Every structure is written in C-alpha cells, then in structure tokens.
Enquirer: 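Before we start, here is the structure in question, set down as structure tokens.
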Amino acid sequence: MYFSLTHTATNHNAVLKEPAYTQSCLRCILRTFLTTLILCNLTITSSHAQIIVKNNNDKIIADSIRRAFDDEPYFGLYKDNYFIFGTSIGPKPTKQNSNVKFQISIAQKLTKSTLPFGTYLYLFYTQKAFWNVLENSMPFHDLNFNPGVGLAKPLFADGAYIGKAIFQIEHESNGRDSIQSRSWNRISFGANIIIDRNMMVHGKYWIPIVDGENNRDITKYVGICQAGVNYISDNRRFMGSLTFVKRAKWSPSFNTIFELGYKISKNDNQYLFLQYYNGYGEGLLDYKTYRSELRIGMVIRPKYFSDF
C-alpha cells in the first residue's frame, strides 16, 4: 500500500507559506483516510479475534499468540487512527489556532513464520496531518510522513502473553522543500508490557540520525525517548493514557500527551476521543513552537492495545 499526495503552492497571510491543495487532492486524502479506517477496523477485529484467547486466569495464552502470528501475514492497525478537532488552550480561539488533526497508522506483517529470536518482520507507516479547516481554501498546514521497517517480538511469561518488543528503522519528513523542509531518521527500540487486564506500560528510546538542514536541533524539541501508561476499564468501554516525551536537554523538560476515550459500542473498537497535547514538536513544520492543544473527535484503536 502506498499514498501519493500532490499539491500546488500558494501564498497565505502567515509567517510560513502554506500549501493549498487542489480539490482532487483533498478528495484523495479524505478517501484514503476513510478507506484506511474501514479496512483497519474490519481487519484488526478479525486478526485479534485469534489473539485474544484466555485461560481461566484471564491471561492470554502464549500458544494462541504464536499461532496468530504464524498463520498468515495480515494488515492492521499500528498506532491509534484518529480524527479530532480543537484549539489552543490559553489564547482566544481563532481560525489560525483551531484545526483538525488526524492520524493514519498501519502495519503489514511481511513474514509468514518466525525469524531468528522469535521475531517477525513488519512494514510500518504513520501519517499525521494538521488541517486548517476554518481558513479560506481549508489548507493543510503540515503533513508528516513516517514510514519504517522493523522487527516485532511477542513477549511471554509463565505461558502467558505479556506484550511485545519492537526494533525499527524509521524516517520522518514533511515533504516540503527549501526552508520549510524537515527531515530526520531514527533507530528505535520500544516495548509494550501488559501489567494486568487493565493496565499496560510502554517505553521507547531512539538514536537520531538528523539529515535535515533546517532541523539540526530537532531532538531538543521532539525528544529522544518516551514512556507512558495506558488504562482500560474492566468492561473495555473506557480508556485513558498518559505519555511523557523527554526532550534532549539536561533539565527535566517533557512533552506531555493525555488522552481519554469512551467506546461507542462494546462490539466495535471506535471511541469518542479527547486528546490534550502540551509541549513542542507536535508537528514537524513548527517543531520549535510551544503548543497547548485540546481536541476531541473519534479514534479507532487496535483491539487490545496500541503502539506508541
């Protein structure tokens, strides 16, 4: 699967020049987003129906996980897929500081059986967009593309599935040129660990390889590692998560992401969703700009837990 985006540039009354996408491109992006969410929703429900097999102690049985990973390559969700609208906290809401933020995130398993050390090869892709829907021509202010390839290893303890570890080689850029170009790479190591039926903790550390001429200092803003906790209620209807991203400074400086969700139907994985972002680096174009943003909308999540 690939995504192809084309646009023509135009001038707007802003400090940075923003691209104005054609109507055909706008329809393409929306169609891609909606189609991806529908496919992800159908596929992940099917795949995780094989994975969530529990014994009498409410643990996920290791053999069922291995069978689910081995059966066949499957396409599914990677990180949360959401569509949310909101504004800045503090300043008066305006057309310039109110926008739609959406994220598409998918993974495709590339190997049918396990590789050495019980790992599986995956292709990952995440796309994040900031869409100024209240401005004339509704321009996309920033698009961030994040492809990657990596190995995922399911983790087991006492015959039960307790999470997974992921090693990735990632690229992230905004597809711009000249002074608005932002680009960097990273080698990342992450893990999600299930503490009990309600709580999962996660962490990720990355080695940055910064090749963008205009963002040499990007790790001072987007960080070098992150950690957080994810909670889900007993009835699987309510979720909450808190993530801290450590910026590359000696002082205790963090970007903070707080999220709440309520499942619309107990048989689906769609949630009413609230996200609060506080800090720098929410988008690549304005990664040096401090933001405090509150947005609400809808999120589609993996059946059991998301990657971060």
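Here the structure is a predicted model, which means the values were calculated and not measured. Numbers here are sequence positions counted from 1.
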Enquirer: Tell me every residue that passes salt bridge (charged side-chain N to carboxylate O under 4.0 Å, His left out) with K204, counting only those two or more places apart in sequence or in another chain.
Expert: E170
Enquirer: Not counting sequence neighbours, which residues clear side-chain contact (heavy atoms from CB on, under 4.5 Å) with V133? List them please.
Expert: F85, V100, W131, M138
Enquirer: side-chain hydrogen bond (donor to acceptor under 3.5 Å, both in side chains) with T87: which residues, sequence neighbours excluded?
Expert: N97, S98
Enquirer: Could you measure the distance from the CD1 atom of I106 to the CG atom of L123? Nearest 0.5 Å is fine.
Expert: 7.5 Å
Enquirer: Report the C-alpha distance between L294 and L274 in whole Å, list the side-chain angles of each, state the deciding distance to 0.1 Å, and finish with yes or no for side-chain contact (heavy atoms from CB on, under 4.5 Å).
Expert: CA-CA 7 Å; L294 183 67; L274 179 145; 3.8 Å; yes
Enquirer: Are the side chains of R236 and N198 in contact, using a 4.5 Å heavy-atom criterion?
Expert: yes
Enquirer: Find out whether T114 and T119 are in side-chain contact, i.e. whether some heavy atom of one side chain is under 4.5 Å from a heavy atom of the other.
Expert: no
Enquirer: Give a yes-or-no answer on whether the side chains of Y290 and N278 include a donor-acceptor pair shorter than 3.5 Å.
Expert: yes
Enquirer: Run the numbers on Y82 and Q275 for side-chain contact (heavy atoms from CB on, under 4.5 Å), then give the verdict.
Expert: CA-CA 10 Å; Y82 55 74; Q275 182 189 79; 3.9 Å; yes
Enquirer: Roughly how far, to the nearest 0.5 Å, is CG of N192 from NE2 of H202?
Expert: 7.0 Å
Enquirer: Enter the distance from M239:CE to I232:CD1 here, rounded to the nearest 0.5 Å.
Expert: 7.5 Å
Enquirer: Check the hydrophobic clustering (I, L, V, M, F, W, Y; side-chain heavy atoms under 4.5 Å; chains of links allowed) and say if F102 and F130 are grouped together.
Expert: no
Enquirer: What are the two closest heavy atoms between G297 and I84, and how far apart are they?
Expert: N-CG2, 3.6 Å
Enquirer: Between V222 and G281, which heavy-atom pair has the shortest distance, and what is it?
Expert: CG1-CA, 3.8 Å
Enquirer: By the definition salt bridge (charged side-chain N to carboxylate O under 4.0 Å, His left out), identify the one residue from D307, D268, D80 that meets it with R301.
Expert: D80
Enquirer: For a 4.5 angstrom cut-off between non-hydrogen side-chain atoms, does L285 reach R182?
Expert: yes
Enquirer: Might you point out which heavy atoms bring I224 and Y205 nearest each other, and give the distance in Å?
Expert: O-CD1, 3.5 Å
Enquirer: Under 3.5 Å, is there a donor-acceptor pair linking the side chains of S181 and N214?
Expert: no
Enquirer: For a side-chain contact (heavy atoms from CB on, under 4.5 Å) check, start with the C-alpha distance between I169 and N185, then their side-chain angles and the critical distance, and finish with the verdict.
Expert: CA-CA 8 Å; I169 300 174; N185 309 285; over 6 Å; no
Enquirer: Check the side chains of D217 and N215 for a donor-acceptor pair under 3.5 angstrom, ignoring hydrogens and angles.
Expert: no
Enquirer: Tell me, with the steps shown, if Y276 and S292 meet side-chain contact (heavy atoms from CB on, under 4.5 Å).
Expert: CA-CA 7 Å; Y276 174 65; S292 183; 2.8 Å; yes
Enquirer: Any chance you could measure Q103, atom CD, to I300, atom CD1, to the nearest 0.5 Å?
Expert: 12.5 Å
Enquirer: Taking only residues two or more places apart in sequence, or in another chain, which ones meet F258 in a ring-ring contact (aromatic ring centres under 6.0 Å, His included)?
Expert: none
Enquirer: Mind checking what makes side-chain hydrogen bond (donor to acceptor under 3.5 Å, both in side chains) contact with R216, not counting sequence neighbours?
Expert: E213
Enquirer: Treat each ILVMFWY residue as a node, draw an edge where side-chain heavy atoms are under 4.5 Å apart, and state whether W206 and I166 are in one component.
Expert: no
Enquirer: Can we say K128 and D142 salt-bridge, meaning some charged N sits less than 4.0 Å from an Asp/Glu carboxylate O?
Expert: no
Enquirer: Has I296 got more than 12 heavy atoms of other residues, nucleotides or ligands less than 6.0 Å from its CD1?
Expert: no
Enquirer: Partners of R295 by side-chain hydrogen bond (donor to acceptor under 3.5 Å, both in side chains), sequence neighbours excluded?
Expert: N99, E282
Enquirer: Are L115 and L110 connected in the hydrophobic side-chain network, where two residues link if heavy atoms are under 4.5 Å apart?
Expert: yes
Enquirer: Determine all donor-acceptor pairs shorter than 3.5 Å in which one atom belongs to a side chain in residues 240-249; sequence neighbours excluded.
Expert:
residue : atom : partner : partner atom : Å
S241    : OG   : E259    : OE1          : 3.0
K246    : NZ   : K249    : O            : 2.5
K246    : NZ   : S251    : O            : 3.3
R247    : NH1  : F254    : O            : 2.9
R247    : NH1  : N255    : OD1          : 2.6

Enquirer: Indicate if I89 and I257 have the same hydrophobic cluster label, given that clusters are the connected sets of ILVMFWY residues with side-chain heavy-atom separations under 4.5 angstrom.
Expert: no
Enquirer: Under 4.5 Å between any side-chain heavy atoms of R197 and D234, yes or no?
Expert: yes
Enquirer: Evaluate S183 against D211 for side chain to side chain donor-acceptor pair (under 3.5 Å), listing each step before the verdict.
Expert: CA-CA 6 Å; S183 177; D211 56 356; 3.2 Å; yes
Enquirer: Tell me every residue that passes salt bridge (charged side-chain N to carboxylate O under 4.0 Å, His left out) with K153, counting only those two or more places apart in sequence or in another chain.
Expert: none
Enquirer: Which residues satisfy the ring-ring contact (aromatic ring centres under 6.0 Å, His included) test with Y287, sequence neighbours excluded?
Expert: Y221
Enquirer: Identify, with sequence neighbours excluded, every residue that meets ring-ring contact (aromatic ring centres under 6.0 Å, His included) alongside Y262.
Expert: none
Enquirer: Which residues pass the side-chain hydrogen bond (donor to acceptor under 3.5 Å, both in side chains) test with S88, sequence neighbours left out?
Expert: E293
Enquirer: Answer yes if Y125 and F83 sit in the same cluster of Ile, Leu, Val, Met, Phe, Trp and Tyr residues linked by side chain heavy atoms under 4.5 Å apart, and no otherwise.
Expert: yes
Enquirer: Heavy atoms only: give me the nearest L134-K95 pair and the separation to one decimal.
Expert: O-CD, 3.5 Å
Enquirer: Are N267 and S265 linked by a side-chain donor-acceptor pair shorter than 3.5 Å?
Expert: no
Enquirer: Can you sort out the partners of Y122 under ring-ring contact (aromatic ring centres under 6.0 Å, His included), two or more places apart, ordered by chain and number?
Expert: F124
Enquirer: Could you tell me the separation between the OH atom of Y231 and the CD1 atom of I195, rounded to the nearest 0.5 Å?
Expert: 14.5 Å
Enquirer: So how far is it from K79 NZ to I104 CD1, rounded to the nearest 0.5 Å?
Expert: 13.5 Å
